[in-house]
> 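The structure under discussion is supplied below as structure tokens; questions concerning it will follow.
Everything numeric in this text was worked out from a predicted model, so none of it was measured. Throughout, numbering of the chain's residues begins at 1 and tracks the sequence.
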Amino acid sequence: MKYYGKGSLSTLIKLSLDLAMIVGFIVAILTLKTTYMEGTEILSTPKKILILSLLIIGITCVFLIVLGLRKVLITLESGDPFVHSNVKALSRISYECFIIALCYILNTLFSSDLKEFKFIYVDSKGVHTDMEFIIFIFAGLFILILSKVFKKAVEYKEENEFTI
């Protein structure tokens with residue numbers, strides 16, 4: 001199977017991201033509706049505003065990440081992934097991951113009882129964790145490094161084009 005170019009794995013992933021974007025939009029609207037309209041009667045107004053703000057920021061960052069990944073995949077389809085736009089897109093995606101991690105941390109600090117915070121726990125619904133922010137921190141770090149690798153590849157590519 002081809003990894004890039006027309007009819008490749010990158011094309012399939014781009015189509016998956018398109019579908020995820022549509023489903024994600026519907027889920028985001030339903031989540032905002034149920035979280036803000038139905039599930040916050042017992043919360044004070046400042047806490048409602050905080051939760052809603054963190055939710056909107058997090059959802060926006062997820063959508064921006066998907067759009068950034070689509071841009072990278074489009075260049076993979078065209079067969080020329082080592083371009084400055086991908087360096088910028090990957091860099092932005094890393095910062096969006098850090099913002100999501102910060103939203104998780106702020107939500108944990110301000111919206112829950114820290115005594116209830118658990119690294120990992122099991123209940124009748126399965127295995128759970130309160131450490132989601134670590135996933136986004138590591139993803140952000142990995143993608144930031146990847147953006148630096150792409151930047152170096154772009155520099156080598158441009159240097160090579162000038163020498164021919």
Side-chain angles (χ1 to χ4, degrees), residues 9-10 12-76 81 83-154:
L9 182 60
S10 61
L12 181 64
I13 293 171
K14 188 172 77 64
L15 290 172
S16 299
L17 286 177
D18 292 342
L19 179 63
M21 192 73 134
I22 294 165
V23 172
F25 183 75
I26 294 167
V27 170
I29 297 298
L30 292 174
T31 301
L32 287 170
K33 179 184 175 281
T34 57
T35 301
Y36 192 68
M37 303 288 184
E38 299 167 7
T40 59
E41 298 86 22
I42 58 171
L43 297 176
S44 64
T45 301
K47 212 170 224 182
K48 281 183 186 179
I49 293 170
L50 175 70
I51 290 171
L52 184 64
S53 299
L54 293 175
L55 194 57
I56 289 172
I57 291 168
I59 289 171
T60 301
C61 284
V62 169
F63 280 110
L64 291 173
I65 288 170
V66 171
L67 290 173
L69 289 173
R70 281 191 86 259
K71 289 178 185 177
V72 172
L73 290 169
I74 288 169
T75 64
L76 277 172
V83 292
H84 286 290
S85 63
N86 282 352
V87 174
K88 289 179 186 174
L90 289 170
S91 183
R92 272 192 302 260
I93 289 169
S94 70
Y95 295 127
E96 290 154 359
C97 285
F98 296 141
I99 291 169
I100 292 172
L102 181 64
C103 287
Y104 270 110
I105 291 167
L106 291 174
N107 183 53
T108 300
L109 291 175
F110 294 110
S111 297
S112 65
D113 186 7
L114 290 179
K115 289 181 254 176
E116 295 176 15
F117 182 83
K118 297 177 183 171
F119 180 74
I120 192 165
Y121 57 99
V122 179
D123 63 14
S124 62
K125 296 179 183 176
V127 180
H128 310 281
T129 181
D130 289 335
M131 302 297 288
E132 293 92 348
F133 67 92
I134 290 178
I135 295 167
F136 284 99
I137 290 172
F138 279 114
L141 290 170
F142 177 78
I143 295 168
L144 186 61
I145 291 168
L146 190 60
S147 76
K148 302 302 180 192
V149 170
F150 265 67
K151 183 177 181 182
K152 202 62 158 169
V154 169

> Could you check I59, T60, V66, I65 and say which one makes a side chain to side chain contact (heavy atoms under 4.5 Å, CB included) with F63?
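So the option named by the test is I59.
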> Rounded to the nearest 0.5 Å, what separation is found between the CG atom of L12 and the CG atom of L17?
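Spacing of CG (L12) from CG (L17) equals 10.0 Å.
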> Taking the side chain as every heavy atom from C-beta outward, state whether K14 and I74 have any pair of such atoms under 4.5 Å apart.
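Counting from C-beta outward, K14 and I74 do come under 4.5 Å.
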> Minimum heavy-atom separation for N86 to K71, with atom names?
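Closest approach of N86 to K71, heavy atoms only: OD1-O, 4.0 Å.
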> How many angstroms lie between atom OG1 of T108 and atom CD of E132, to the nearest 0.5 angstrom?
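Reported value, rounded in 0.5 Å steps: 7.5 Å.
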> Please test K148 against I145 for side-chain contact (heavy atoms from CB on, under 4.5 Å), starting from the C-alpha separation and ending with a verdict.
CA-CA 5 Å; K148 302 302 180 192; I145 291 168; 5.6 Å; no
> Distance check, rounded to the nearest 0.5 Å: R70 atom CZ versus L15 atom CG?
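These two atoms lie 8.5 Å from each other.
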> Around atom OH of Y121, are there more than 12 heavy atoms of other residues, nucleotides or ligands at under 6.0 Å?
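Yes, OH of Y121 has more than 12 neighbouring heavy atoms, counting only those of other groups under 6.0 Å.
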> Between C61 and I99, what is the shortest heavy-atom contact and its length?
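So the minimum-distance heavy-atom pair works out to SG-CG2, 3.5 Å.
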> Which heavy atom of F150 sits nearest a heavy atom of P81, and at what distance?
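In this case the closest contact between F150 and P81 is CE2-O, 3.5 Å.
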> Just verifying a value: how many Å separate F110 CZ and L50 CG, rounded to the nearest 0.5 Å?
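CG of L50 is found 7.0 Å from CZ of F110.
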> For a quick test of reading the model, state the closest non-hydrogen atom pair linking L64 to E96 and the distance between them.
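For L64 and E96, the tightest heavy-atom pair comes out as CB-OE2, 3.3 Å.
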> Report yes if the side chains of Y104 and L54 come closer than 4.5 Å at any heavy-atom pair, otherwise no.
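Side chain of Y104 against side chain of L54, heavy atoms only: no contact under 4.5 Å found.
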> Atom CG in L32, atom CD1 in I51: separation rounded to 0.5 Å?
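Going from CG on L32 over to CD1 on I51, the span is 12.0 Å.
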> Check the pair I29, F25 against side-chain contact (heavy atoms from CB on, under 4.5 Å), reporting the backbone distance first and the verdict last.
CA-CA 6 Å; I29 297 298; F25 183 75; 4.1 Å; yes
> Looking at every non-hydrogen atom in both residues, tell me the closest pair between L90 and I143 and how far apart they are.
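Taking every non-hydrogen atom into account, O-CG2, 3.2 Å.
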> Do any N or O atoms from the side chain of S91 and from the backbone of K88 form a donor-acceptor pair under 3.5 angstrom?
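Answer holds: no.
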> How far apart are the closest heavy atoms of A89 and G68, and which atoms are they?
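Minimum heavy-atom separation between A89 and G68: CB-O, 4.1 Å.
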> Examine distances only and state if a side-chain atom of D123 and a backbone atom of G126 form a donor-acceptor pair shorter than 3.5 Å.
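Yes, because the side chain of D123 sits within donor-acceptor range (under 3.5 Å) of the backbone of G126.
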> Rounded to the nearest 0.5 Å, how far apart are CG of L141 and CZ of F98?
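Separation between the atoms: 4.0 Å.
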